[in-house]
Amino acid sequence: MLSELINPYYLQVATFILLNIILGVSIYITLGTGQLSLGHAGFMSIGAYTSAILTLNYNVPLVIGIIIAAVFTGFIGVLIGFPALRLQGVYLAIATLGFGEVIRVLFINWEGLTNGAIGIRGIPHLGREILSFSESLGFSPGMIGLKNNQFVSLAVFLVLLIISIGVIWFFIRQSNSRIGRAFASIKMDEEASEAMGINITYYKILAFGQGALLAGFAGALYAHLTAYISPSDFGYHRAVEILIFAIFGGSEVIWGPIFGAIFLSTMPEFLRVISEYRFMIYGALLVLMMAFRPQGLIDTNVVNWIKRPRLKKKEGKHGTGNKKDK
Amino acid sequence: MNKRIKLLFSVLMVFSLVVLTACGNNTKDAGDKEIGADGAVKAKIGVISYLTGPGAGYGEAITNGLKLANKELKEAGEVDLELKIEDSAGKQEEALSAAQKLMNSDNVDAIIGPTLSTEMFVVGPEAELNGVPIMGTSNTAEGVPQLGEYVFRNSIPETLAIPASVQKAIEKYDVKKVAILYGNDDVFTKAGYDVMKKVAEDLNLEVVTTETFQLGQSDYKAQLTKIKNLNPDLILASALYNEGAVILDQARKMGLDVPFVGGNGFNSPEVIKIAGEASNGLIVATPWFAHKDDEKVKSFVKNYKEAYGVEPDQFAAQAYDGLYLMAEAVKNAGVADRDEIRDALAAIKDFKGVLGTMSFDEDGDIVMEPTVLIIEGNEYIVFE
């Protein structure tokens with residue numbers, strides 16, 4: 001029964017959706033302080049390469065490798081954050097884009113460590129590691145009526161689900177805290193926030209570092225999900241893809257990039273039926289989206305629209321005007 | 001319940017209904033794996049191909065080759081293969097999702113593809129885990145068949161192609177000094193360079209200089225001037241045809257008239273189209289030569305031209321032979337069973353296809369003689 005329900009294909013797609021959600025959240029954090037970064041693909045590659053090299057060459061356990069990779073990328077993010085502070089808007093976007101390219105070229109040319117353009121293969125796979133670990137404990141997937149491949153996909157999916165729920169929970173908590181409010185205020189008006197006594201340098205670097213840490217974390221997971229990475233996986237198109245999650249879904253609330261990641265990763269799978277045309281439709285969708293809803297699909301109004309009924313009981317009809325509702 | 005929540009729920013319900021029906025369709029066509037009434041062995045073959053994006057040309061040639069082969073096989077009536085073609089868009093994640101869909105939703109008996117070696121590195125281990133035989137028809141990187149017991153390929157790796165062409169060039173032109181030029185930011189050209197370097201060492205050639213360029217570069221004069229001043233007898237160029245043709249053009253304009261040896265990616269009729277006269281003197285080793293004096297090749301070229309209006313390239317030919325190999329395995333296995341097909345594939349010996357005589361070694365790698373070609377008078381001819 002259970003074994004018929006678990007299809008590795010759906011789990012595979014779901015796993016990549018979860019990974020994209022983490023990436024979407026990572027860009028959301030940086031955007032949350034008004035910093036437009038195109039360097040997230042670069043951070044992702046640092047995380048991916050760090051974890052891959054540690055686990056492959058130095059036999060570091062997978063979990064520790066991923067954590068070190070995330071922390072290391074966060075550290076690099078903080079370092080980049082200092083000079084980036086002086087830049088705003090388009091200038092920051094260009095600078096971070098340049099950073100991403102520098103990292104990519106570095107990985108291409110540092111052949112001794114990264115194997116150049118050929119990339120690193122045979123990276124320990126998250127699911128297969130879990131399988132061999134559970135087998136060493138005397139547990140085999142057959143005991144609960146699963147095949148090995150089903151167990152692997154299921155385990156990976158569950159691990160990622162727990163991680164993403166944890167990440168989302170953390171950042172929702174953060175956005176309702178002192179830090180979150182400081183971020184929001186900086187996004188609105190930097191000078192005014194400074195006048196109110198908010199330490200702009202600290203919060204902007206914190207946001208940049210958090211975004212980098214999360215992107216590096218996602219990158220490390222990516223390396224262990226595909227078991228193969230090469231510098232071309234983390235090029236310009238990847239940076240834009242990550243940015244689109246937030247732009248499409250909306251970057252005002254955390255649900256925006258989450259929705260964007262879910263929608264934009266499932267779209268190509270649903271459109272598989274019309275294979276050759278699917279990316280055309282994908283592109284057309286983005287253009288329409290930008291024309292009619294430049295702030296992204298999900299913004300504060302939408303969240304309020306969903307939440308409002310509950311407020312109505314408490315507050316009556318004082319809310320912001322949604323006229324149809326009267 | 002509130003109106004809005006109701007609306008939200010109904011949208012969700014409709015959505016999940018659509019998803020459910022979609023799943024329903026997929027599971028329905030699983031499990032028709034018996035021998036047909038006319039005695040033909042039925043099997044379902046999944047195809048992962050690069051159909052959208054910058055490399056879509058490769059995917060198109062591959063699927064065309066497969067479709068032609070399948071049509072002929074159906075007419076012959078010994079096997080009845082059903083092709084399930086999925087797009088990978090040249091991305092590892094997409095290729096992996098497509099492979100999972102084929103293996104688990106469509107329950108295919110074997111897979112042909114994916115197009116790129118980078119995709120194969122991700123898909124191969126997964127197919128191995130699922131126990132599905134998979135054959136790459138265009139993967140040339142080192143280490144592909146070593147991914148697992150179930151992983152095969154019928155495309156010749158660079159490690160076979162480049163030594164063959166260099167060897168022949170040395171014999172003919174009495175080469176002592178070579179210069180190497182390669183693209184260092186692409187998997188394909190970088191892998192070709194690694195082989196070239198090793199070949200030069202093995203054959204005791206003096207490498208006067210090693211120059212690099214990047215994908216999409218348009219000016220190679222700096223590298224070529226340096227090479228010209230060092231006066232090599234031969235230039236080994238690991239480039240894809242778009243860059244390679246421009247390199248040839250600029251080299252000839254500079255008066256650099258020595259022959260070039262290219263890798264697998266340099267082998268395309270496009271080179272002659274782009275570089276014209278300048279392309280003369282390019283030597284490549286290839287598994288596929290369209291003007292070979294062979295019945296099979298002639299009829300394949302004729303049928304392909306009739307169906308698609310162009311001459312088949314290397315990728316179409318490799319895919320065509322790939323499906324024939326798969327069909328041979330299915331026929332010998334006699335039943336559409338993944339393990340049986342794997343064993344039958346591994347047992348194939350001296351199979352005659354349009355590429356030549358093919359066998360698999362113990363890793364699942366192809367064993368065959370590549371043909372060495374040279375461009376002379378704006379045409380590919382056999383190099384002797």
(Q) Please enumerate all residues that pass salt bridge (Lys or Arg N to Asp or Glu O under 4.0 Å) together with B:Lys67, with sequence neighbours excluded. (A) none

(Q) Determine whether a donor-acceptor pair (N or O, by modelled atom type, separation under 3.5 Å) exists between the side chain of A:Thr55 and the backbone of A:Leu62. (A) no

Q.
Heavy-atom pairs under 4.5 Å with chain A: which of B:Glu94, B:Glu142, B:Met103 has the most?
A. B:Glu94

**Q.** Expected output: side-chain A:His224 to main-chain A:Ile123 donor-acceptor under 3.5 Å
**A.** no

Q) Who wins among B:Gly131, B:Ala98, B:Ser117 for the most heavy-atom pairs under 4.5 Å with chain A? A) B:Ala98

(Q) Does any backbone or side-chain atom of A:Val152 lie under 4.5 Å from a heavy atom of chain B? Answer side chain, backbone, both or neither. (A) side chain

Q. Side chain, backbone, both or neither: which part of A:Pro8 has a non-hydrogen atom closer than 4.5 Å to chain B?
A. both

Q: Name the member of A:Ile229, A:Leu11, A:Thr226, A:Leu19 that forms the most heavy-atom pairs with chain B at distances under 4.5 Å.
A: A:Thr226

(Q) Can you confirm whether or not the ring centre of B:Tyr58 sits under 6.0 Å from the ring centre of B:Phe315? (A) yes

Q. Which answer fits A:Phe107, side chain, backbone, both or neither, if we ask what part of it has an atom under 4.5 Å from a heavy atom of chain B?
A. neither

(Q) Between B:Asn184 and chain A, with a heavy-atom cut-off of 4.5 Å, which part of the residue counts as in contact: side chain, backbone, both or neither? (A) both

**Q.** A:Glu101/A:Arg104 ion pair, N-O < 4.0 Å
**A.** yes

Q.
Quick check on B:Glu93 against chain A: is it the side chain, the backbone, both or neither that has a heavy atom closer than 4.5 Å?
A. both

Q. What residue, out of B:Gly143, B:Gly183, B:Ala141, has the most heavy-atom pairs lying under 4.5 Å from chain A?
A. B:Gly143

Q | Residue pairs, two or more places apart or on separate chains, that pass ring pair (Phe, Tyr, Trp, His ring centres under 6.0 Å) and touch residues 112-133 of chain A | A | none

Q) Is the shortest distance from a Lys or Arg side-chain nitrogen in B:Lys190 or B:Asp194 to a carboxylate oxygen in the other one below 4.0 Å? A) yes

